[in-house]
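The structure under discussion appears below in the form of structure tokens.
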There are 2 protein chains.
Amino acid sequence: MDIRRADAIADELEQLIFSGEFVDGDRLDENKLASRFGVSRTPVREAFQKLSLSGLVKQLPRRGVFVRQPGPVELLEMFEVMAEIEAVCGRLAAKRISDAALKTLQEANDECQKAVENGDADAYYRENERFHHLIYQQSGNQFLEQEALRLHKRLKPFRRIQLHLRGRMKQSMAEHKAIVKALVDANPEEAAITLREHVAVQGEKFHHLMASLKPA
Amino acid sequence: MDIRRADAIADELEQLIFSGEFVDGDRLDENKLASRFGVSRTPVREAFQKLSLSGLVKQLPRRGVFVRQPGPVELLEMFEVMAEIEAVCGRLAAKRISDAALKTLQEANDECQKAVENGDADAYYRENERFHHLIYQQSGNQFLEQEALRLHKRLKPFRRIQLHLRGRMKQSMAEHKAIVKALVDANPEEAAITLREHVAVQGEKFHHLMASLKPA
DNA sequence: ATAGCAGTTCTTGTATACAATAAGGTTGAC
DNA sequence: GTCAACCTTATTGTATACAAGAACTGCTAT
């Protein structure tokens with residue numbers, strides 16, 4: 001348990017929202033949650049503010065806080081932004097990446113490859129994350145890195161879903177190879193283009209997935 | 001006065017930090033601020049959380065909250081990110097902007113021109129802001145627009161300073177013209193490049209400014 | 001029957017009281 | 001004289017109490 005219960009509660013609430021216990025539009029009841037977590041309303045309210053900053057809930061004055069999941073359109077927009085941010089990271093990283101980091105990057109990519117061969121989606125997800133985080137880091141811009149991590153985290157639950165689409169992991173690996181090559185070649189524009197496409201395709205895949213589910 | 005005092009206090013604190021009453025590293029005393037604003041600690045603490053989300057203060061657990069102004073390096077990083085985000089907005093806007101919006105954009109630019117001729121820095125600042133916000137909006141991506149506005153707002157106090165550099169407004173106008181031309185020509189890459197440079201130069205100008213002040 | 005209004009209840013926002021921890025000062029030992 | 005341990009104090013984090021506004025219900029009037 002954390003020293004600060006408000007933080008722990010924020011994390012738990014985040015999990016509860018991601019896990020689907022609370023869905024879009026639900027009002028989060030301060031009293032119920034307080035007794036559920038065995039605390040007073042104060043830390044619950046602090047947790048709400050933390051969540052509202054990450055955009056998971058919206059606070060209406062004197063009305064309460066409501067879960068706010070992005071709809072299809074907003075999700076597509078978010079993926080578009082993520083794609084552009086990663087493209088920027090890639091462009092900068094191509095100029096600034098160190099040899100050591102390049103080696104680590106290739107290692108992470110090899111682990112991805114192994115995970116694909118084993119059909120281990122969890123391992124793939126983990127190593128893929130490491131791969132991308134390394135690129136953020138090697139942009140050499142810590143502020144950019146933080147922003148990228150923030151958005152990456154927010155899109156996490158939606159990225160996971162479309163991993164299970166048939167053939168996605170394999171295609172993703174091919175894209176990774178192109179990205180690594182661009183970075184090895186120190187080709188900023190190529191790195192930007194390949195990374196942008198790599199991420200944008202995820203958003204489009206997700207969009208198709210949602211569209212195909214909607215009429216059902 | 002706002003219904004919610006916590007929000008009003010957050011705004012006031014923001015102003016106090018920007019105005020220089022509180023400087024980097026200062027601890028914000030809950031009790032003192034509470035009595036100063038004539039409220040209890042509760043709304044002050046809520047305001048702190050709001051500020052910490054915009055990055056103006058940092059909360060150390062069990063230690064208190066401290067004002068956190070970005071240093072020269074971080075500021076340069078932030079301007080680099082802002083430049084890239086505006087470049088993205090420009091690239092998308094070049095494809096998506098409406099004729100009506102283009103007209104409004106040119107109007108805003110004309111107002112900028114007038115302000116330069118009159119040497120009215122305030123008017124220039126205002127119309128320049130309108131100019132940029134319009135581009136964010138015409139990216140056609142509301143999420144991107146919000147992110148751009150967020151960062152734009154955070155950089156506000158630093159952008160204002162370097163407006164008073166000799167010849168900056170004039171140079172800025174020339175850059176605006178190039179940007180408008182790229183949008184009129186529906187040339188995405190040109191729009192991206194001109195916007196990126198337009199913003200990046202601000203960061204560099206600021207960096208030089210700080211460097212020249214440091215030894216003094 | 002329905003629309004509007006008043007009273008009640010429930011919820012949020014704020015104040016105060018309490019608990020726990022970290023900082024600072026004082027005292028004592030070496 | 002200095003270092004360390006303990007105690008005091010001050011400040012944060014949490015709980016509870018109170019106030020103010022919103023939603024809901026039931027009544028009344030048209």
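Letters go in sequence order (proteins before strands), and every chain restarts at 1. The basis for the numbers below is simple: all heavy atoms, side chains too, and nothing from hydrogens, waters or symmetry mates. These numbers were taken from a predicted model, which means no experiment stands behind them.
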What residues, two or more places apart in sequence or in another chain, satisfy side chain to side chain donor-acceptor pair (under 3.5 Å) together with E86(A)?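 Listed in chain order: H132(A), Y136(A).
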
In whole Å, what is the span from the [atom1] atom of [X] to the [atom2] atom of [N]?
| X | N | atom1 | atom2 | result |
| --- | --- | --- | --- | --- |
| L60(B) | dA22(C) | CG | C1' | 12 Å |
| D7(B) | dT14(C) | CG | C1' | 13 Å |
| R4(A) | dT21(C) | CZ | C1' | 13 Å |
| F66(A) | dA22(D) | CZ | C1' | 11 Å |

Distance to the ring centre below 6.0 angstrom and angle to the axis at most 45 degrees; does that hold for R5(B) and F37(B)?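 Ring-cation test returns no.
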
I'd like to know if the side chain of S172(B) and the backbone of R168(B) have a donor-acceptor N/O pair within less than 3.5 Å. no

Stepwise salt bridge (charged side-chain N to carboxylate O under 4.0 Å, His left out) test for R68(A) and D26(A): CA-CA 8 Å; R68(A) 191 182 162 324; D26(A) 281 1; over 6 Å; no

Please tabulate, one pair per line, all N/O donor-acceptor pairs under 3.5 Å involving side-chain atoms of residues 50-57 of chain B, not counting sequence neighbours.
{"unit_1": "S52(B)", "atom_1": "OG", "unit_2": "Q49(B)", "atom_2": "O", "d": "3.1"}
{"unit_1": "S54(B)", "atom_1": "OG", "unit_2": "K50(B)", "atom_2": "O", "d": "3.3"}
{"unit_1": "S54(B)", "atom_1": "OG", "unit_2": "L51(B)", "atom_2": "O", "d": "3.1"}

Please work out whether the ring planes of H198(A) and H176(A) are parallel, tilted or perpendicular, with thresholds of 30° and 60°.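 H198(A) vs H176(A) ring planes: perpendicular.
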
Residue-level proximity of residues 24-35 of chain B to DNA chain C when a heavy atom falls under 4.0 Å: none

Report the residues that fulfil side-chain contact (heavy atoms from CB on, under 4.5 Å) with V116(B), sequence neighbours left out, ordered by chain and then residue number.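 Testing V116(B) for side-chain contact (heavy atoms from CB on, under 4.5 Å), a comparison that skips the adjacent residues, returns Y124(B), M169(B), M173(B).
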
Output all residues satisfying side-chain contact (heavy atoms from CB on, under 4.5 Å) with L134(A), sequence neighbours left out; order by chain, then residue number.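 For L134(A) the side-chain contact (heavy atoms from CB on, under 4.5 Å) partners, ignoring immediate neighbours, are T104(A), L105(A), Q137(A).
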
Could you write out each protein N or O paired with an N or O of nucleotides 15-19 of chain D at a distance under 3.5 Å?
{"unit_1": "dA15(D)", "atom_1": "OP2", "unit_2": "S40(A)", "atom_2": "N", "d": "2.6"}
{"unit_1": "dA15(D)", "atom_1": "OP2", "unit_2": "S40(A)", "atom_2": "OG", "d": "2.9"}
{"unit_1": "dA15(D)", "atom_1": "N7", "unit_2": "T42(A)", "atom_2": "OG1", "d": "2.9"}

Would you say R63(B) places a side-chain N or O within less than 4.0 Å of OP1 or OP2 belonging to dT12(D)?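 It does not, given that no N or O in the side chain of R63(B) lies less than 4.0 Å from OP1 or OP2 of dT12(D).
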
